[in-house]
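For the single chain, residues carry numbers from 1 onward in sequence order. Side chains are part of it too, since the values below use all heavy atoms of this structure and drop only hydrogens, waters and symmetry mates. We count ligands from 1, going down the list as the structure has it; atoms in each ligand are counted the same way.
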Amino acid sequence: MTMGKATPDEIASAYDGIADNLGEVLGSSLHMGYWGGPEPALTIEDASHRMTDLIMDGLDTSPGQRVIDIGCGTGSPAMRLARARNVTVVGVTISGVQVDIATERAAAEGLSDQVSFQRANAMELPFPDASFDAAWAIECLLHMPDRLTVLREIARVLRPGGSLALSDPVLRSPHMTGEQREALDRYYDLFKVVNVPPIDDYPGILRDSGFQLDRMTDVGDHLDPHRWGPRGWRVLSESLRQNPALTADKYGLTPEQHDAFLTGLASMEGLPAQGYLLVSAHLAGARGGSR
Ligand SMILES: C[S@@+](CC[C@H](N)C(=O)[O-])C[C@H]1O[C@@H](n2cnc3c(N)ncnc32)[C@H](O)[C@@H]1O
């Protein structure tokens, strides 16, 4: 599959430009919602928090420990983690505007002594070896050219036994129609998606970056019906039609180009190829967390 080869600077300026309104479409966090579970999620924000909590279930921490949030967005997941687990969280994002928004939000919520945010490229983390107890990376590896590099970098800053939880879109199957492939490529281009691996590659990627896999679950069938997902393309298309600032205005598309993009996106409906992995793993060594 051909994908846009956006550089970290291009990704930063894309997120800088949409930092204010992305949360309106996606809920308070900038990741997929989880709409499954015994009780249906009622709002996009419920579903978004539900996904954060599912990923958190895979992260091993003890009170007082230090966690790094890779690709932290505007800070909502970091603040939720800090509160739920009584840990300190350092968030890094490539977007300077997101750092400012996240820092203001933490101050407004009285969490400035527990969470902090800084601009950094996750492929070259500005932290010493073994300086964190745990790490999570929610829906951000898709913007990075090479998962091995970033996961090795995360392994470097984690102490032995350190825990990792992440969420990441994956391809369940390379089989799709030409129209669906075109729509997916266009979507990846617009949203600066650089790399989506086949699901079967994941255990090897984790092993080769030094992690021992504890759990890997594909929740792609439970993604937010208002956004991206095997059952949600048509609704995402409509949602973007109502928010042209995110696509047409941002990327200078003519009305015809925008319409063609949204029509292509809607044609992804029912595509079984897109999965969404929740992964829990750890480094070899004494495991310090107790949740
Ligand atoms: C889809 S958003 C997810 C944000 C956040 N994890 C959440 O769930 O709300 C992707 C995030 O990855 C960050 N990102 C992309 N490339 C990055 C890089 N090379 N280094 C650090 N952060 C990066 C973006 O700035 C953005 O914050």
Q: Say whether Asn121, considering both its backbone and side-chain N or O atoms, lies within less than 3.5 Å of an N or O atom on ligand 1.
A: yes
**Q.** Thr93 side chain to Gln98 side chain, donor-acceptor N/O pair below 3.5 angstrom
**A.** yes
Q) His31 to ligand 1: N or O pair under 3.5 Å? A) yes
Q) Considering only heavy atoms, does Ala137 approach ligand 1 within less than 4.0 Å through its side chain, its backbone, both, or neither? A) neither
Q) Are Arg83 and Glu109 close enough, and set up right, to give a side chain to side chain contact (heavy atoms under 4.5 Å, CB included), and what steps lead you there? A) CA-CA 11 Å; Arg83 278 209 181 94; Glu109 299 203 19; 2.9 Å; yes
**Q.** Contact (N/O only, under 3.5 Å) between Pro8 and ligand 1
**A.** no
Q: Mark up the atoms of ligand 1 that fall under 4.0 Å of a heavy atom belonging to Cys72, in ascending order.
A: 5 (C)
Q: Check each heavy atom of Ile11 against ligand 1 and say whether those closer than 4.0 Å belong to the side chain, the backbone, both or neither.
A: side chain
**Q.** Min N/O separation Ile94 to ligand 1 under 3.5 Å
**A.** yes
(Q) We want to know whether His31 and Thr52 form a side-chain donor-acceptor pair, criterion being a heavy-atom distance below 3.5 angstrom. (A) yes
Q. Ligand 1 and Met123, any nitrogen or oxygen pair closer than 3.5 angstrom?
A. no
Q. Going by the atom numbers of ligand 1, which of them fall below 4.0 Å from some non-hydrogen atom of Ile138?
A. 3 (C), 6 (N), 8 (O)
Q. Can a cation-pi geometry be assigned to Arg50 and Tyr34, taking NZ or CZ under 6.0 Å from the six-membered ring centre and within 45° of the ring axis?
A. no
(Q) Between ligand 1 and Cys140, is the shortest N or O to N or O distance under 3.5 Å? (A) no
Q. What do you reckon, is CD of Gln242 surrounded by more than 12 foreign heavy atoms closer than 6.0 Å?
A. yes
Q. If you measure from atom 5 (C) of ligand 1 to every heavy atom of Gly71, Pro77, Ser95, Gly96, which option wins on shortest distance?
A. Gly71
Q: Output the list of atoms in ligand 1 that are nearer than 4.0 Å to some heavy atom of Ala120, sorted by atom number.
A: 20 (N), 21 (C)
Q) Counting from 1, what ligand 1 atoms have a heavy atom of Ser29 closer than 4.0 Å? A) 9 (O)
Q: Inspect the contact between Arg152 and Asp208 and indicate whether a charged nitrogen and a carboxylate oxygen are less than 4.0 angstrom apart.
A: no
Q.
Between ligand 1 and Gln98, is the shortest N or O to N or O distance under 3.5 Å?
A. yes
**Q.** Salt-bridge contact Arg156-Asp129 (side-chain N to carboxylate O under 4.0 Å)
**A.** yes
Q) Salt-bridged, Arg147 to Asp168, with N to O below 4.0 Å? A) yes
**Q.** Where ligand 1 meets Gly73 - atom numbers and elements under 4.0 angstrom, heavy-atom basis
**A.** 4 (C), 5 (C), 27 (O)
Q: Would you please test Phe132 and Val67 for side chain to side chain contact (heavy atoms under 4.5 Å, CB included) and show each step?
A: CA-CA 6 Å; Phe132 292 92; Val67 182; 5.7 Å; no
Q. Between Ser76 and ligand 1, which part of the residue brings a heavy atom under 4.0 Å of the ligand: side chain, backbone, both or neither?
A. neither
Q: Evaluate side chain to side chain contact (heavy atoms under 4.5 Å, CB included) for Leu81 paired with Met56, printing each intermediate quantity in order.
A: CA-CA 7 Å; Leu81 173 65; Met56 202 187 301; 3.7 Å; yes
Q) Going by distance alone, is a donor N or O of one side chain under 3.5 Å from an acceptor N or O of the other, for His282 and Asp60? A) no
**Q.** Of the listed options Val99, Thr93, Leu125, closest to atom 25 (O) of ligand 1 (non-hydrogen atoms)
**A.** Thr93
